[in-house]
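Shown next, in structure tokens, is the structure this report addresses.
Numbers for residues simply follow the sequence, beginning at 1. Owing to the predicted nature of the structure, the values given are computational and were not obtained by experimental measurement.
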Amino acid sequence: MTIPPYQELMLPMLRLVAEGHATIADCESHLRRQFSISDDEAAALLPSGKQTYLSNRAHWARSYLSQAGLVEAVKRGSYRISTLGKQLLATNPAAINNETLRQFPKFMEFVSRSQPKSLDPNAIALQPTAPKFDTPDDLIANAHSQIENALVTDLLEAVQALSPTRFEQLIVDLLLAMGYGGGDQSMGERIGKSGDGGIDGIINEDALGLDAVYIQAKRYAPDNKVGRPALQAFVGSLTGEGANKGVFVTTSDFSKEARDYLTRVQHRIVLINGDRLARLMIAHEVGVRARKTYVLRSVDEDYFITD
């Protein structure tokens, strides 16, 4: 197969995005011409049978460029080159690979999140095919971690594309899936009051509504952190409702001042930032579905016990 490894596709992908080819599908025809990929090779599917090798490798190349901050999402599945990406292309690089990406702090943060805590991220060449560790279990765990981190990015892009109403309903659905309100759909309600301190949803913990969790949901861009004023407004709304429990969710993050503020209030408020939101969605299967299941088997020791 002449389809190049994903790292070899990084530079062509960055150039294509710079030229205005915003989607993977748009880039594929150009990659096929550049690398003389035949129709049969372009149509070859992964073992899962749901994606071609070409699309998969182009996706990984684009995903890692995104993790480094060289391309940025315009909308779900559509990208443009960033200022950093333009600066890198201006140096006329001969190639772009994982070592190239290590010069960018955002990529190194991604590497740190993707590796087992006991390993030094500076000693690891991050790639979809995991590096060599001591055991096959380490290989599986590392590969799963990398795939999940890429899924976190994709999920947040999908969430950002939702309407405010649909985003608020997603948060209600997630909390119900987590077991709040006994998981009963009738115990959750999207409200979506207007105003910065408005209540966006309620989960009733009992049938009479005597104990409730109030929700505030902010769909912010990654660099727009929720500050202290927004939390103060939320606390004020809880006080107005006679409530003491709340969940504040954002697709971005919370400022240090906002987090410090919560240590000085009596209300019980849980903060969920974008990364945690996506991982909770994955853990509780909200907005995701299983693509392929691998079964790991071991020897049944009991079966071989001799009399």
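Residues Tyr214 and Glu241 have side chains in contact (heavy-atom distance under 4.5 Å, counting atoms from C-beta outward). Taking 4.5 Å as the limit, some side-chain heavy atom of Val159 sits within range of a side-chain heavy atom of Met281. In this structure, Val235 and Ile269 have side chains that are in contact, with non-hydrogen atoms separated by less than 4.5 Å. Counting heavy atoms from C-beta on, the side chains of Ile171 and Leu277 come closer than 4.5 Å. Looking at Leu231 and Leu271, their side chains come closer than 4.5 Å, going by heavy atoms from C-beta outward. Side-chain contact between Ser255 and Val226 is absent, with no heavy-atom pair separated by less than 4.5 Å. Contact of the Leu14 side chain with the Leu89 side chain is registered, since non-hydrogen atoms from C-beta on lie closer than 4.5 Å. Side-chain contact between Leu31 and Pro12 is present, with at least one heavy-atom pair separated by less than 4.5 Å.
The CG atom of Leu9 lies 8.5 Å from the CD atom of Gln34; values are rounded to the nearest 0.5 Å. To the nearest 0.5 Å, the span separating CD on Glu28 from CZ on Arg33 amounts to 12.0 Å. The structure places CD of Glu257 at 12.5 Å from CG of Leu262, a figure rounded to the nearest 0.5 Å. Note that the CZ atom of Phe248 and the CD atom of Gln216 stand 4.5 Å from one another [nearest 0.5 Å]. In this structure, CG on Leu155 lies 12.5 Å from OG1 on Thr251, to the nearest 0.5 angstrom. Taking CG of Asn244 as the reference point, atom OG1 of Thr239 lies at 9.5 Å (rounded to 0.5 Å).
Using a 4.0 Å cut-off between charged side-chain N and carboxylate O, Lys218 and Asp200 make no salt bridge.
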Which pairs of donor and acceptor atoms, one on a side chain in residues 78-85, lie under 3.5 Å apart (sequence neighbours left out)?
{"unit_1": "Tyr79", "atom_1": "OH", "unit_2": "Arg62", "atom_2": "NH1", "d": "2.7"}
{"unit_1": "Tyr79", "atom_1": "OH", "unit_2": "Glu157", "atom_2": "OE1", "d": "2.7"}
{"unit_1": "Tyr79", "atom_1": "OH", "unit_2": "Glu157", "atom_2": "OE2", "d": "2.1"}
{"unit_1": "Arg80", "atom_1": "NE", "unit_2": "Glu72", "atom_2": "OE2", "d": "3.0"}
{"unit_1": "Ser82", "atom_1": "OG", "unit_2": "Gly69", "atom_2": "O", "d": "2.5"}
{"unit_1": "Ser82", "atom_1": "OG", "unit_2": "Leu70", "atom_2": "O", "d": "3.0"}
{"unit_1": "Ser82", "atom_1": "OG", "unit_2": "Leu84", "atom_2": "N", "d": "3.4"}
{"unit_1": "Ser82", "atom_1": "OG", "unit_2": "Gly85", "atom_2": "N", "d": "3.2"}

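Heavy-atom minimum distance, Arg166 versus Asp173: NH1-OD2, 4.2 Å. Heavy atoms only, all atoms of each residue included: Asp26 and Ser29 are closest at O-OG, 3.6 Å. Here the shortest heavy-atom pairing between Ile37 and Ala42 reads CG2-N, 3.7 Å. The minimum heavy-atom distance between Val247 and Val249, with the atom names listed, is CG1-CG2, 3.7 Å. Residue Ala58 comes nearest to Met13 through the heavy atom pair O-CE, 3.8 Å, listed as atom of the first residue, atom of the second, then distance. Smallest separation of non-hydrogen atoms from Ile96 and Leu101: CG2-CD2, 3.9 Å.
At least one donor-acceptor pair under 3.5 Å links the side chain of Gln160 to the backbone N or O of Tyr220. Between the Thr263 side chain and the Arg259 main chain, no donor and acceptor come within less than 3.5 Å of each other. A distance-only check finds no donor-acceptor pair linking the side chain of Ser55 to the backbone of Thr52 [under 3.5 Å]. Looking only at distances, no side-chain donor or acceptor of Ser63 sits under 3.5 Å from a matching main-chain atom of His59.
Side-chain contact, Ser163 with Thr165: no donor N or O sits under 3.5 Å from an acceptor N or O. Side-chain contact, Asn97 with Thr100: a donor N or O sits under 3.5 Å from an acceptor N or O. Judged purely by distance below 3.5 Å, without hydrogens or angles, the side chains of Arg219 and Asn224 never pair a donor atom with an acceptor atom. Side-chain contact annotation: Ser186 with Asp184, donor-acceptor N/O pair under 3.5 Å present.
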Step-by-step side chain to side chain contact (heavy atoms under 4.5 Å, CB included) determination, Glu205 to Ile203: CA-CA 6 Å; Glu205 293 284 66; Ile203 305 290; 4.3 Å; yes

Salt bridge (charged side-chain N to carboxylate O under 4.0 Å, His left out) evaluation trace for Glu8 with Arg57: CA-CA 9 Å; Glu8 195 172 326; Arg57 293 178 186 179; over 6 Å; no

Asn149 and Arg279: CA distance, side-chain angles, deciding distance, side chain to side chain contact (heavy atoms under 4.5 Å, CB included) verdict: CA-CA 9 Å; Asn149 275 282; Arg279 294 182 192 281; 2.6 Å; yes

Derivation of the side-chain hydrogen bond (donor to acceptor under 3.5 Å, both in side chains) call for Tyr6 and Asn98: CA-CA 10 Å; Tyr6 81 102; Asn98 289 336; 2.7 Å; yes

Step-by-step side chain to side chain contact (heavy atoms under 4.5 Å, CB included) determination, Glu41 to Leu54: CA-CA 8 Å; Glu41 289 169 335; Leu54 176 59; over 6 Å; no

Side chain to side chain contact (heavy atoms under 4.5 Å, CB included) between Gln67 and Thr153, intermediate numbers included: CA-CA 8 Å; Gln67 296 293 351; Thr153 299; 2.7 Å; yes

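Not counting sequence neighbours, Arg228 has no partner by the salt bridge (Lys or Arg N to Asp or Glu O under 4.0 Å) test.
The list of ring pair (Phe, Tyr, Trp, His ring centres under 6.0 Å) pairs with a residue in residues 25-52, not counting sequence neighbours, reads His21-His30.
Other residues, nucleotides and ligands place more than 12 heavy atoms under 6.0 Å from the CZ atom of Arg264. More than 12 heavy-atom neighbours from other residues, nucleotides or ligands sit within 6.0 angstrom of CZ on Arg76.
Between Tyr64 and Trp60, the ring-plane angle classifies as perpendicular under the 30° and 60° cut-offs.
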